[in-house]
Amino acid sequence: MAARSTQRSETMARGPDGSGGGAGFSLADQLFNDQTLGDLAAEYARLDGFDPERFLDTCLPGLAGRGLLERLDWIADCIEAQLPRGFPAMAEALEAAMPAPLDPTREDDDFGRFIHAVPGILAVRHGLEEHQDRALDLLHRATQRFSMEFYIRPFLNRWPEETLARLDDWVRDDNYHVRRLVSEGTRPRLPWARNITLAPEVPLRFLDALHADPTRYVTRSVANHMNDLSKIMPERVLAHLERWRAAGAQNAAELDWMIRHALRTAVKRGERGALDFLGFRAGAVRARLALSPETPRIGEALEIAVTLEAEEAMPVMVDYRLRFARPSGEAEKVFKLRSARLAPGVPVTLRKVHRLKADASTFRLHAGAHRVTVQVNGQDVAQAGFMLQPPLGG
């Protein structure tokens with residue numbers, strides 16, 4: 001195969017399109033280019049009758065104008081064109097072309113390469129209806145190279161009992177990527193993935209087993225899954241976390257991290273049950289809030305200084321809400337300040353520099369009246385306003 005130039009190195013990042021992280025930067029180009037498709041072609045060249053040059057000559061020109069997920073489907077089209085027609089033979093070829101499994105000695109940050117999503121796409125495309133058992137075997141092997149979290153979900157929808165039975169086995173698999181798939185693939189709100197019809201409480205039996213996993217890659221997925229569930233069934237999530245705490249099956253420090261991660265959205269919403277569970281109880285806290293400058297410009301920074309004092313010792317989790325002006329009305333966003341521990345009668349001042357960015361990723365700032373509200377352990381304790389000015393030259 002002729003040598004091909006490297007356009008960009010591949011890094012691990014996730015997103016549904018090719019927009020990437022800034023002007024002139026394409027994540028889709030970073031993940032799918034001469035080098036990465038050349039690597040894929042070399043893997044499939046091990047198959048009898050597979051022509052890597054034909055694959056590259058067809059596939060590379062077709063990348064232009066397609067987003068990330070569209071490119072994955074296109075790459076699968078180009079691979080499929082040179083594979084056996086029947087799914088059992090196709091699955092054997094896909095397995096024969098797979099690279100070595102991801103390093104089983106690692107415990108985190110080893111998601112795999114997007115080019116290795118092809119077996120999952122073809123498993124759904126050709127194995128879902130008539131070859132579900134063989135397709136699930138393929139997903140089991142493929143997820144040890146690249147997470148099959150998107151591709152297990154159609155099987156959960158089409159064959160729920162049969163697929164859940166597989167997951168009951170996979171929750172004890174020796175490979176931690178397989179165990180993670182059980183949690184990640186059954187999340188009710190997996191980003192960018194299709195919805196599943198599975199009742200959200202069904203996977204709790206898997207999380208009960210996986211919460212004690214020795215790898216952070218798995219426990220992060222479990223915590224993210226519980227965070228999803230906290231938006232649907234908050235009381236049940238707290239009950240399960242209490243059971244895990246009482247069981248003592250997980251390392252205490254790791255479980256504490258998992259609990260904080262699982263309840264992060266509930267805490268952000270100021271839910272009393274989650275805050276109490278974490279030890280941030282409601283109490284009498286006096287607060288003074290100062291903002292500087294009083295009339296910042298878009299693009300500048302606002303210093304937030306809050307002084308807290310309590311009559312009794314207590315841990316505090318301090319957040320602040322920014323209420324900002326919009327052409328269609330006001331809106332609000334919550335930000336973390338920090339956690340601290342108050343001693344009786346001893347004032348503590350916490351500071352945060354908030355950048356009033358003109359290009360904030362989740363909302364756009366407009367000149368006008370804004371307000372900061374400080375929240376301690378879920379209770380509003382102080383607020384102050386400021387007048388945001390247009391940027392210089394704006």
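In the model, Glu303 has no side-chain atom that pairs as donor or acceptor with a side-chain atom of His354 under 3.5 Å. At a cut-off of 3.5 Å, with distance as the only test, no side-chain donor of Arg113 or Thr36 sits close to an acceptor on the other residue. Under 3.5 Å, the side chains of Gln132 and Arg158 contain no donor-acceptor pair of N or O atoms. A donor-acceptor contact closer than 3.5 angstrom is absent between the side chains of Thr219 and Asp213. At a cut-off of 3.5 Å, with distance as the only test, a side-chain donor of Glu184 or Ser221 sits close to an acceptor on the other residue. For the residue pair Asp380 / Thr373, no side-chain donor-acceptor distance below 3.5 Å is found, with atom types taken as modelled. Checking Asp173 against His140 by side-chain atom types alone, a donor-acceptor pair falls below 3.5 Å. If you check the side chains of Arg264 and Asn224, you find a donor sitting under 3.5 Å from an acceptor.
The closest donor-acceptor contact from the side chain of Arg216 to the backbone of Asp108 lies at 3.5 Å or more, if one exists at all. At least one donor-acceptor pair under 3.5 Å links the side chain of Asn157 to the backbone N or O of Asn195. Under the 3.5 Å distance criterion, the side-chain polar atoms of Arg166 are matched with a main-chain donor or acceptor of Asp133. A donor-acceptor contact shorter than 3.5 Å links the side chain of Arg46 to the backbone of Ala97. When atom types are taken as modelled, the side chain of Gln250 and the backbone of His211 share a donor-acceptor pair closer than 3.5 angstrom. Between the side chain of Trp159 and the main chain of Leu128, a donor-acceptor pair closer than 3.5 Å is present. In this structure a side-chain-to-backbone donor-acceptor pair under 3.5 Å is missing from Arg236 to Leu229. Judged purely by atom type and a 3.5 angstrom limit, Glu311 has no side-chain atom pairing as donor or acceptor with the backbone of Gly345.
Ring pair His225/Phe206: centre-to-centre distance not below 6.0 Å.
Partner Val178 forms a side-chain contact (heavy atoms from CB on, under 4.5 Å) with one of Leu139, Asp169, Thr143 and no other, that one being Thr143. Screening Leu72, Leu31, Leu40 against Ile115 for a side-chain contact (heavy atoms from CB on, under 4.5 Å) leaves a single residue, Leu40. Of the candidates Arg286, Arg288, Arg351, Thr307 forms a side-chain contact (heavy atoms from CB on, under 4.5 Å) with just one, namely Arg288.
The existence of a salt bridge linking Arg220 and Glu254 is excluded, since no basic side-chain nitrogen approaches an acidic carboxylate oxygen closer than 4.0 Å. Between Lys336 and Asp319 there is a salt bridge, with a side-chain nitrogen of the basic residue lying less than 4.0 Å from a carboxylate oxygen of the acidic one. Between Arg272 and Asp276 there is a salt bridge, with a side-chain nitrogen of the basic residue lying less than 4.0 Å from a carboxylate oxygen of the acidic one. Under 4.0 Å is where a charged nitrogen must lie from a carboxylate oxygen, and between Arg125 and Glu80 at least one such pair does.
Note on ring orientation: taking the six-membered ring where Trp is involved, the planes of Trp244 and His240 are perpendicular (angle over 60°, cut-offs 30° and 60°). Classification of the Tyr320-Phe335 ring pair by plane angle, with boundaries at 30° and 60°, yields parallel. Aromatic ring pairs are classed by plane angle as parallel below 30°, tilted from 30° to 60° and perpendicular above 60°; the pair Tyr44 and Phe50 is tilted.
Note that CD of Glu294 is 14.0 Å distant from CG of Leu388, once rounded to the nearest 0.5 Å. A distance of 11.0 Å separates CG of Leu263 from CZ of Phe280, quoted to the nearest 0.5 Å. Atoms CG and CD, from Leu342 and Glu309 in turn, are 9.0 Å apart once rounded to the nearest 0.5 Å.
Under the 4.5 Å side-chain heavy-atom criterion for ILVMFWY residues, no single connected hydrophobic cluster contains both Leu102 and Val182. Under the 4.5 Å side-chain heavy-atom criterion for grouping Ile, Leu, Val, Met, Phe, Trp and Tyr, Val334 is not connected to Met317 through any hydrophobic cluster. Put simply, Leu365 and Met387 are part of two different groups of oily side chains (I, L, V, M, F, W, Y) that touch within less than 4.5 Å, one to the next.
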Check step by step if side-chain hydrogen bond (donor to acceptor under 3.5 Å, both in side chains) holds for Tyr217 and His177.
CA-CA 8 Å; Tyr217 198 48; His177 290 277; 4.6 Å; no
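Taking both residues in full, the closest heavy atoms of Arg326 and Ala331 are given as CD-CB, 3.4 Å, listed atom of the first, atom of the second, then distance.
In this structure the side chain of Gln383 never reaches within 4.5 angstrom of the side chain of Val374, judged on heavy atoms.
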